[in-house]
Amino acid sequence: MISGIIRGAAISAAAWLCLAAAPALAKCENIPSGLDAPPPPQNTGRDIVGQELDQIFDQGYMTFGVYEDFPPFSFLKDGAPAGIDVDLGQIIAAEMGLEARFELVQAGENVDNDMRTYLWQHSKLGAPIVNVLMHVPYNIDFACRNEMVVITGQYFEERIAIAYDPAIYPDTPPTPAYFRFDKVAVENDSISDFFLSGAFGGQVRPNIVHVPDPVAAVGEIGQDGVAAAMGPRVQLEYAAGSEYPVSAEPIPGFSMGSWTLGVAVHQAYRDLAYSVDDAIGAAIADGRMAKIFADYGATYTEPER
């Protein structure tokens, strides 16, 4: 399960071109880092792990870190990795003339810890080091405080949406105001959970049904009076299929209702980051990216690159 806290920890509308050094420095100048910041965990002796691009080409394959049990982005199907992020990894590797290999990794307390564990420091517990970590928030504050990685390859915009029972709402989709009276299912401790818990002076709180993830939230619709589910649009659409409509209309007062996702690469391997970004850009331009999302019953929203 990918906690909503983890996925929503670094969300904002600001975009950052991580590979442009001069603008990046300017945008990070007011964000504490290095000697001006509290001692960051990345300042360790073991900061060069992974593989240079030449080594990757010599071995003929590159490795991608994708989150385990995170449908439709990454999960096991018939014993093999599958999902949107897996399909995109296949495209990236093919564009570079390489084989794609995948590590299904566990989500830590936050994405900062995940990048440290899987990209540049390694773990004493034997967690794998990968060349590319998928599904990383693309955000200026987040990027500046994680100076050991390059966050690049923006590939889609996620947004909060509502899946609902059309028998209960036959005319118009519900908004959070409806949940003062109707039950709604959300992932526990997610951004949707936090928003609804504080909305309308706490009036929604008694009607919130907590579940482990957005897919489970959709499964609650129609059960015990649950009328809707709120969470990330792509996950809701995947789970809802043709059974329930999903509304992604902007939610008034919800400043963190959308965010951009990209990938992360060790900062020492910027040539790899350039190649990955180029491959993602090509997949967006020729429609392959939109097709990946359509294959999983999800709407593709192109980010501003």
Side-chain angles (χ1 to χ4, degrees), residues 1-13 67 69-73 75 83-84 107 110 135 137 156-261 293-294 296-301:
M1 181 189 69
I2 301 296
S3 165
I5 291 180
I6 297 171
R7 294 302 123 222
I11 301 168
S12 81
Y67 287 102
D69 194 21
F70 187 31
F73 293 102
F75 55 95
I84 291 170
N110 51 51
H135 217 90
F156 84 104
E157 180 189 279
E158 183 63 281
R159 58 185 61 180
I160 295 298
I162 298 173
Y164 60 95
D165 187 342
I168 299 176
Y169 309 107
D171 299 320
T172 59
T175 67
Y178 286 66
F179 305 140
R180 293 174 295 173
F181 314 103
D182 301 333
K183 286 186 178 181
V184 59
V186 299
E187 179 183 3
N188 189 44
D189 288 340
S190 67
I191 185 173
S192 298
D193 185 13
F194 293 142
F195 174 76
L196 290 176
S197 295
F200 309 105
Q203 294 181 60
V204 176
R205 199 174 301 133
N207 289 325
I208 297 175
V209 175
H210 292 102
V211 294
D213 56 62
V215 173
V218 174
E220 290 292 316
I221 298 176
Q223 306 294 321
D224 194 27
V226 175
M230 185 170 170
R233 178 183 189 175
V234 171
Q235 291 175 277
L236 294 185
E237 289 182 330
Y238 170 76
S242 59
E243 186 173 6
Y244 301 116
V246 177
S247 171
E249 293 298 316
I251 298 173
F254 200 175
S255 61
M256 299 174 70
S258 64
W259 61 98
T260 297
L261 275 298
F293 281 74
Y296 292 89
T299 301
Y300 175 64
T301 304

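FYI, side chains are in, hydrogens and waters are out, and symmetry mates aren't considered; it's all heavy atoms of this structure. The residues of the chain are indexed from 1 along the displayed sequence.
Counting heavy atoms from C-beta outward, F156 and T301 have side chains that stay 4.5 Å or more apart. Considering only heavy atoms from C-beta on, P176 comes within 4.5 Å of I162 through its side chain. Put simply, the side chain of D182 does not reach to within 4.5 Å of the side chain of P174, judged on heavy atoms. Using a 4.5 Å heavy-atom cutoff, the side chains of I251 and M230 are in contact. Counting heavy atoms from C-beta outward, D69 and F75 have side chains that stay 4.5 Å or more apart. Within the 4.5 Å cutoff, side-chain heavy atoms of I191 are placed close to those of I160.
Scanning all heavy atoms of the two residues, the minimum distance from L236 to P214 falls at CD2-O, 3.9 Å. Across A185 and A217, no two heavy atoms sit closer than the pair CB-O, 3.5 Å. Pairing each heavy atom of A177 with each of R180, the nearest pair is O-NE, 2.9 Å. Here the closest non-hydrogen pair linking G253 and F195 is O-CE1, 3.8 Å. Contact detail for Y244 and I221: the closest heavy-atom pair is OH-O, 3.3 Å. Here the closest non-hydrogen pair linking V204 and L196 is CB-O, 3.5 Å.
Panel note: side chain Y169, backbone Y164; no donor-acceptor pair is recorded below 3.5 Å. Using modelled atom types, no side-chain atom of E158 and backbone atom of T260 make a donor-acceptor pair closer than 3.5 Å. The backbone N or O of A228 lies less than 3.5 Å from no partner atom in the side chain of K183, so there is not a single donor-acceptor pair. No donor-acceptor pair closer than 3.5 Å links the side chain of D193 to the backbone N or O of N188.
Note on ring orientation: taking the six-membered ring where Trp is involved, the planes of H135 and F70 are perpendicular (angle over 60°, cut-offs 30° and 60°). Note on ring orientation: taking the six-membered ring where Trp is involved, the planes of F293 and F73 are perpendicular (angle over 60°, cut-offs 30° and 60°).
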*From CA spacing to verdict: side-chain contact (heavy atoms from CB on, under 4.5 Å), V186, I208*: CA-CA 7 Å; V186 299; I208 297 175; 3.5 Å; yes

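If you take OG on S197 and CG on D189, they are separated by 9.0 Å, rounding to the nearest 0.5 Å. To the nearest 0.5 angstrom, I84 atom CD1 is 9.0 Å from Q235 atom CD. R233 contributes atom CZ, which lies 8.5 Å from atom OG of S247 (distance to the nearest 0.5 angstrom).
Counting non-hydrogen atoms of other residues, nucleotides and ligands closer than 6.0 Å to CD of E249 gives a total of 12 or fewer.
Between the side chains of E187 and S192, no donor-acceptor pair is found at a separation under 3.5 Å.
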